[in-house]
Amino acid sequence: MLDLALLRRDPQRVRRSAERRGFGAGFVDEVVELDARLRAAKTATEALKAEKNALTATIAKAPDRAAEAARLRPVIATLEERIAIAAAAVPPLEAAIDALLADVPNVLDDSVPDGSGEDDNVLVRDSGPPPPLGFEAKPHWEIGEALGILDFERAAKLSGARFSVLRGPGARLSRALAAFFLARAQERGYVEIAPPLLVTPQTMWSTGQLSKFADAMFYDADAGLFLIPTAEVPLTALHANEILPGEALPLQYAAHTACFRKEAGAAGKDTRGLIRQHQFEKVELVWLADPQKSFETLERLTADAEALLQELELPYRVMLLCGADVGFNAAMSYDLEVWLPGQNTYREISSCSNCTDFQARRAQIRFRRDPNAKPELVHTLNGSGLAIGRTLVAVLENYQQPDGSVLVPAALVPFAGFETITPDGVAH
RNA sequence: GGAGAGGUGGCAGAGCGGUUGAAUGCAGCGGUCUUGAAAACCGCCGGCGGUGAUGAAUCGUCCGAGGGUUCGAAUCCCUCCCUCUCCGCCA
């Protein structure tokens, strides 16, 4: 949620950000106007209420309360009618402002480059040109099915399209990735959390998933609970409605969870393989940071995710997202893209974002810089460290051998407990 | 799912329907004292919003949430949520 005060103070900045996102800026003038009317209505209402409260107090102080009450009742009744009329103007104005603001994305940071789509994202750095395999690269689904460690047919039998079954060494490798990611996260100061995977609409709202993305999520109307599309939701909202002591910051959380997405708008896209599933696993990294340090924190978070790719020796690049590509909640984002030789392309494996105070305002996550200071909103950041399914894809495609076997990255061996999957699908 | 108890400020814990935004204690902050610290003593010490200069001041609002009764509700009534205890069920 945008800061109304910012909108009042610097509408030009909000307008420019919206335009750079390709989001209409018409809401700015509308909100500013509604806000002025809202404050006028509130001031009027509150003046009348103050009048009424003063009369009530005189009753309380009168020697004969009953007599005084009887005397003032008609006056108060008149006031009450005027209060009701004045107050009636407030909720519609609030609702109108909320409705306008609910779908407005965060204000972009000035350092975000202009652009109209992912082709305008800016390459920040990469791990060098991907080393050639020296033979015809196969896509991961062919590798995995040949080894008997990926089974999409049986997954479809069980659950329909966009599900997968991992078997034997495939399942073990996936579990090893999770353990590896969590171990590194812990070494870098993240506290591991095992959160609920089902959360309330309120929680979804607080981290910006509602109401814009409602149709992309699994929801049980009966229970009134959403399946999380990412652990960003419970991790970020963990301290909702809290005022943290200043020395508690920064807070770093990591969670390995399943994530659930309908991918409603993705029909026909990435229909093969593990890239786009209704259910996938991910280790998510979240920071609650001092607002003055959130942009350096974004560099740190990105480096933490990047280090995982380096250690796995997977070719990757870091992209700074352009204005049109930055997500709803974020002010600035880096995408980590891993090289997939089977598809001859880079694919997103982590998106690291500084959401500034946008989620914190919705979730009311605050802190006191000093014990007597006014509460301030924290800044929230999130990124995958990393997406497990997509990392498995990258390992299969980058570590495939001419004979159909797959090597396990050295860093992963201690977690997997094996070094290779031979062409017969056996782990050694 | 059934029965009972309870939800008040950072914590603990009071609160006859009427200057109660809320006693008291602890914690925190500022100060006195001290070479320093502790102790003692004094003062301050909730959130949100409006007016105002992001100051002083002032007003409104909030005692789990939402309604209701009343001139007036933390205090009475209704609904919901949550927590705890016991029983049942269960991975």
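Each chain gets a letter, A, B and so on, in the order the sequences are listed, and its residues count up from 1. In this text, all values refer to a predicted model and were calculated from it rather than measured experimentally.
- Identified under the ring pair (Phe, Tyr, Trp, His ring centres under 6.0 Å) test for residues 363-384 of chain A, with sequence neighbours left out: none.
- Note on A:R368: every side-chain N or O is 4.0 Å or more away from OP1 and OP2 of B:G46.
- Remark: B:U70 base-pairs with no nucleotide; criterion is Watson-Crick or G-U wobble with both hydrogen-bond distances under 3.5 Å.
- Across all strands shown, A:I76 has heavy atoms under 4.0 Å from sugar-phosphate atoms exclusively, and none from any base.
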What donor-acceptor contacts under 3.5 angstrom involve side-chain atoms of residues 37-44 of chain A, with partners at least two apart or in another chain?
{"residue": "A:R39", "atom": "NE", "partner": "A:D35", "partner atom": "OD2", "Å": "3.4"}
{"residue": "A:T43", "atom": "OG1", "partner": "A:R39", "partner atom": "O", "Å": "2.8"}

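- Applying the salt bridge (Lys or Arg N to Asp or Glu O under 4.0 Å) test to pairs two or more places apart or on separate chains, those with a residue in residues 178-199 of chain A are A:R184-A:E187, A:R184-A:E311, A:R188-A:D304.
- Among residues at least two apart or in separate chains, ring pair (Phe, Tyr, Trp, His ring centres under 6.0 Å) pairs with a member in residues 4-36 of chain A are A:F23-A:F27.
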Mind listing the N/O atom pairs, protein and nucleotides 57-64 of chain B, below 3.5 Å?
{"residue": "B:G60", "atom": "OP1", "partner": "A:N53", "partner atom": "ND2", "Å": "2.9"}
{"residue": "B:U61", "atom": "OP2", "partner": "A:N53", "partner atom": "ND2", "Å": "3.3"}

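- Between the side chain of A:R39 and the base of B:G50 there is no donor-acceptor pair of N/O atoms closer than 3.5 Å.
- Partner assigned to B:A37 is none, using Watson-Crick or G-U wobble distances below 3.5 angstrom.
- Under the side-chain hydrogen bond (donor to acceptor under 3.5 Å, both in side chains) criterion, the residue pairs touching residues 77-104 of chain A are A:K52-A:E80, with sequence neighbours excluded.
- Checked against a 6.0 Å centroid threshold, the rings of A:F163 and A:H278 count as neighbours.
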